[in-house]
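Notes follow the structure.
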Protein chains: 2
Amino acid sequence: MLRLTKRSEYGLMALAFMAQSGQAYTSVREIVAKLRIPRRLLAEVLKDLSFSEIVEAVRGPGGGYRLTCPAEELSLARVVEVLEGAGTVAQCTDGSRCDLSPSCTIQEGINLVAQRVKSVLNDFTLAELSDCTTPRPQPVSLAQGLAV
Amino acid sequence: MLRLTKRSEYGLMALAFMAQSGQAYTSVREIVAKLRIPRRLLAEVLKDLSFSEIVEAVRGPGGGYRLTCPAEELSLARVVEVLEGAGTVAQCTDGSRCDLSPSCTIQEGINLVAQRVKSVLNDFTLAELSDCTTPRPQPVSLAQGLAV
DNA sequence: AGAATATAGCATGATTTTAGTGCTCTTTCA
DNA sequence: TGAAAGAGCACTAAAATCATGCTATATTCT
């Protein structure tokens, strides 16, 4: 339906939260407490993000997750691709071929649309995503150099 | 999953097909014969498009559907909105408010993304969609003035 | 008037995706 | 060694999506 899944939404929310926590490790518990999203689901999402090295995990007391790169360098496209796979707009845009390929007259067009949508996601960074909204609760080191 | 539904896909395919048929009315039967998509589903989609006055219907022999406006003036955004409702990217972008609104820190950001995605769809016309792909089977009156 | 073509309307079933959850294991730090 | 925190594992429930059959109504042509 041209919508992100909850996985992506939760993932992005969590990442935005982590972006504000700077270098510190943030536990699932903390995130859940603040954001009020299902814990187990978030845990799964973060595990996937960890596997894809978008975040890094540390176990044990004081552990949790944190970003592996500055929020300015993490595109939504990357996050979304990890959390819901390649191929936006239509399935056939993920490289696989369409079942009705021979009769489909709009394949190329759709691919072009998909490309543009993807570039929207590519140009949008996590920094921008969290910047848009947050009342900037505490000075965040990573967001230092940004225009106000 | 940031994907269009089959309804949208089928709808766009059918519209592209109609765009090539110019002023003539095209029946569901014809479209199905060429495009090999489920008839009943297509019929429903076209009915919706007819209700929204994107196409006009004529019953009886020689009847069918045809575009109510030139393909150059029909944006994908309009079609998609009719076929799968407003609010791309996330549900909360359709004007309704989010369940986790207070805790959601990325609302504004997501809305911005949605806006950009929507403008991609807005800028993409049916004419472009079918132009990208089709080997231009027959000269279509509506497509006359376009660059080659 | 009647036959043929075509859309309109209606309800339902099957499949797929998505969302959500419980419990145990392993790692790490104090 | 105990508490904190992620890792792994399998399943259930709900929602969205896809698909389909049949009948009714409108229109055109003969």
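Quick caveat, the model's predicted, so the values are computed rather than measured. All heavy atoms count here, side chains included; hydrogens, waters and symmetry mates do not. Sequence lines set the chain letters: A, B, ... in the order given, protein chains first and strands last, and positions in each chain run from 1.
Cluster membership for A:Met18 and A:Tyr25, using ILVMFWY side-chain heavy atoms within less than 4.5 angstrom, is not shared.
Of all nucleotides in DNA chain D, those with any atom nearer than 4.0 Å to a heavy atom of chain B start and finish, going 5' to 3', at D:dT17 to D:dT28.
Counting only distance, with no hydrogens or angles, the side chain of A:Ser50 and the backbone of A:Leu46 share no donor-acceptor pair below 3.5 Å. Of the possible polar contacts, one joining the B:Ser75 side chain to the B:Arg78 backbone as a donor-acceptor pair under 3.5 Å is found.
With sequence neighbours excluded, the residues satisfying salt bridge (Lys or Arg N to Asp or Glu O under 4.0 Å) with A:Glu56 are A:Arg66.
Residue A:Glu84 is out of contact with every strand shown, counting any heavy-atom pair closer than 4.0 Å. At a threshold of 4.0 angstrom between heavy atoms, the contacts of B:Tyr25 with the nucleic acid are absent.
Residue side chain A:Arg7 does not reach the base of C:dT18 through any donor-acceptor N/O pair under 3.5 Å, judged by distance alone.
Remark: A:Glu44 engages A:Arg40 in a salt bridge, criterion side-chain N to carboxylate O under 4.0 Å.
Residue B:Phe51 contributes atom CZ, which lies 12 Å from atom P of C:dA8 at whole-angstrom precision. The nearest whole Å value for the distance from the CD1 atom in A:Ile37 to the P atom in C:dT18 is 18 Å. In this entry the distance linking NZ of B:Lys6 with P of C:dT17 reads 10 Å, nearest Å. A:Tyr10 places its OH atom 13 Å from the C1' atom of C:dT21, with the value rounded to the nearest Å. Taking atom CD of residue B:Glu44 and atom C1' of nucleotide C:dC10, one finds them 10 Å apart after rounding to whole Å. What separates CG of A:Leu4 from P of C:dA19 is a distance of 10 Å, to the nearest Å. Rounded to a whole Å, the CG atom of B:Leu41 is 18 Å from the P atom of C:dA14. Taking atom OH of A:Tyr65 as the reference point, atom P of C:dT28 lies 14 Å away to the nearest angstrom.
Taking only side-chain atoms of B:Met1, from C-beta outward, the nucleotide of C:dT18, C:dA6, C:dA8 with the closest atom is C:dT18.
Closest-nucleotide positions on DNA chain C for A:Arg39 and A:Pro61 were compared, and the one nearer the 5' end corresponds to A:Arg39. Comparing B:Arg59 and B:Pro38 along DNA chain D, the residue whose closest nucleotide (by nearest heavy atom) sits nearer the 5' end is B:Pro38. Residues B:Val28 and B:Arg40 both approach DNA chain C. Their nearest nucleotides, taken by heavy-atom distance, put B:Val28 toward the 5′ side.
Looking at heavy atoms from C-beta onward, B:Arg116 lies out of side-chain contact with B:Val120 at the 4.5 angstrom threshold.
Between A:Leu12 atom CG and A:Leu83 atom CG the span is 7.0 Å, to the nearest 0.5 Å.
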